[in-house]
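Here the structure is laid out as C-alpha cells; the discussion comes afterwards.
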Amino acid sequence: VVAFGPISGAAMIPTSTTTDPHDLVALPALAVAWWIGEGQSTKRRVQARVPGQREGPRGRSAPGLRTRPVATAMLIVAGLASMATSPATKHSSTGYEETLQLTADRPAAVRHLAFSVTNRDRGVVQIGLRGSLLSEGASDEDLVQEPSKGVLLVLMPDPPTQEFIDDTEPEMFGLGQSLDLTERCRTTCAHEVTAVVRLLSPVPGQVVETTLGIDLFASGQVGEGEVDIDLSLQHHSELAFDGEPSTVTAASEGTIRVSSDRPRDTVSTVIRIPGEVLKKPLAYPLVGRVLIQTATIDASDHPHAHRTDFTVGTDELIGVGGGPPTSRDLLVHCDVGVPCEIPVTIASEYDPTLNSPDFDPADARPGFVELHWSIEVRLEAYDGRDLPSDGIDIVAGD
C-alpha cells in the first residue's frame, strides 16, 4: 500500500512493524515435525525389506501411510505457529445512523447531537468523532462520500468557540469529516456537534438517498477487549432540520504561479461580515463555513511540484493545497453582534524535488506550476431568520 505514493505524487504513508517474541515458540514445533518425519521415513525403509509385508499404493508400506499424516500435521502446526500475529487494538464506540432523502426542495439535512466522554483508561490513544455517508446500495465496507452524487458532509463542534482539532485527512479519502477529541476529552468532556448534509447541485425531480453515520470512538494501547471509557451520543430530534435554509454566500477566485525564478507567491484576502448578521445564537442553528481549494492548471513537469498552505484567521493548515476543498468553521473567528474580519491566506512555494525521484539540484531545469485558487464563504440559518444577500464580502488583503 505504500509503493504507489511516489507514482501518484501522494505523500508516503508511514508504516510500522512489530516484533512478536511469541513466534519463537514455533521453533520446537519445527524440530518435532522433522524428528517425526525422519523417523517414519526410516521406519518405511526398514519395513520395505521385510518379506511378505503388504504394501500400499505406489509401493509404500501400509504402516507408512498411517503415520505420515502425523508429521504433516505437525509441519502445518509449526507453520501456523510461526506466522506473525498482531494483537487486537482495544476499541470502544457508539454511533448514530439515519437514512436521509435529499431533493431540490429539501437540499439540506441538519442533525444536532450531544456527546460526552468519561475516560478511566490510561492507555487511551485516540478519542474522536467520525462522520460518513453510505450511499444507496453500497455495503458497510463502502463508507464513501460520493462526489458523483454531489453530497457533502460537514461536522462542526458547537459552540464554535471550542477549538477542536479538525482532521481533514478522512475527508480526503472519502470518509466524511472527523473531529479529534483526544486532548480535550482526555478525562471527561460534554459538548455538542452539528452535522450538515447537503446537495451541492440539486436537480429538480431527483431524489438522492444517503445514510448518515456518526461514530464516537476511542482506541487504546495494543491489547484485548474494550477501552475503559463511557461514550454517549444523543440526537436532539427537536433541533433537526430538513429543507432549504436561509443562505448568503460569497466567492473569490484567481490564479497563482510559482517557478524557479519566483519560488514563492501569496494571495491575501479578508472575509467581512457585518455585525447585524451575527445575531444570537452564534452557533447552531446558525452555521458558517469557508471552503478553500487549489488545483493545478499548468505545470512544466510534475503537477504537484509545489507546497501550498492555507491560513484562516489563526488556523494554519500545512500542505493542503491541491486536494479536495478544505472546509473550516467560520464563526469560530467571530463574536455576537460585532463586525467580523477574517484574514485568509494562500501561500504556495515551488518544490522542484517532486519533478524527479533522483532530483539533483545541480541539474535542475527551470520549471513552474500554475494553480487556480478559489474561496467560498457560506452562512446558513436553520431557525427561520432572514440573512441579507450582501451579508458577506471577500476583499483583497494586505
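Looking at Ser374, its side chain never comes within 3.5 Å of a backbone N or O of Glu253 through a donor-acceptor pair. Proximity of a side-chain donor or acceptor of Thr269 to a complementary backbone N or O of Val344 within less than 3.5 Å is detected. Looking at Thr296, its side chain does come within 3.5 Å of a backbone N or O of Pro303 through a donor-acceptor pair. At least one donor-acceptor pair under 3.5 Å links the side chain of Asp329 to the backbone N or O of Leu331. The backbone N or O of Glu238 lies less than 3.5 Å from no partner atom in the side chain of His236, so there is not a single donor-acceptor pair. Using a distance-only test at 3.5 Å, with no hydrogens or angles considered, no donor-acceptor pair links the side chain of Arg272 to the main chain of Pro339. When atom types are taken as modelled, the side chain of Thr188 and the backbone of Thr118 share no donor-acceptor pair closer than 3.5 angstrom.
If you check the side chains of His112 and Glu192, you find a donor sitting under 3.5 Å from an acceptor. Counting only N and O atoms by type, the side chains of Ser219 and His91 include no donor and acceptor under 3.5 Å apart. Between the side chains of Thr308 and Ser348, a donor-acceptor pair is found at a separation under 3.5 Å.
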Can you list, pair by pair, the side-chain donor-acceptor contacts under 3.5 Å of residues 386-396, counting residues two or more places apart and other chains?
none

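Residues Ile214 and Leu113 are in side-chain contact: their nearest non-hydrogen atoms beyond the backbone lie under 4.5 Å apart.
When all heavy atoms of Asp180 and Ile127 are compared, the pair lying nearest together is OD1-O, 3.5 Å. Pairing each heavy atom of Pro285 with each of Asp383, the nearest pair is CG-CB, 3.4 Å. The minimum heavy-atom distance linking Thr211 with Glu97 is given by the pair CG2-CG, 3.3 Å.
One finds no salt bridge joining Arg307 and Asp351 here, because no Lys/Arg side-chain nitrogen approaches an Asp/Glu carboxylate oxygen to under 4.0 Å. Salt-bridge formation is detected for the pair Arg111/Asp242: a Lys NZ or Arg NE/NH1/NH2 atom is positioned less than 4.0 Å from an Asp or Glu carboxylate oxygen. Using a cut-off of 4.0 Å between Lys/Arg side-chain N and Asp/Glu carboxylate O, Arg257 and Asp265 are scored as not salt-bridged. The pair Arg198-Glu380 meets the salt-bridge criterion, since a charged nitrogen lies less than 4.0 angstrom from a carboxylate oxygen. For Asp228 and Arg122, the salt-bridge test fails: no basic side-chain N is under 4.0 Å from an acidic carboxylate O.
For the atom pair CZ of Arg130 and CG of Leu181, the computed distance is 11.0 Å after rounding to the nearest 0.5 Å. Atom OH in Tyr382 sits 10.5 Å away from atom OG in Ser246 (nearest 0.5 Å).
For Tyr96 and His235, the gap between ring centers is short of 6.0 Å.
Tested against Ser327 for a side-chain hydrogen bond (donor to acceptor under 3.5 Å, both in side chains), the candidates Arg289, Gln293, Arg378 yield a single pass: Arg289.
Applying the ring pair (Phe, Tyr, Trp, His ring centres under 6.0 Å) criterion to His372, with sequence neighbours excluded, gives no partner residue.
The hydrophobic cluster containing Leu129 does not contain Val125, counting ILVMFWY residues as joined when their side-chain heavy atoms lie under 4.5 angstrom apart, directly or transitively.
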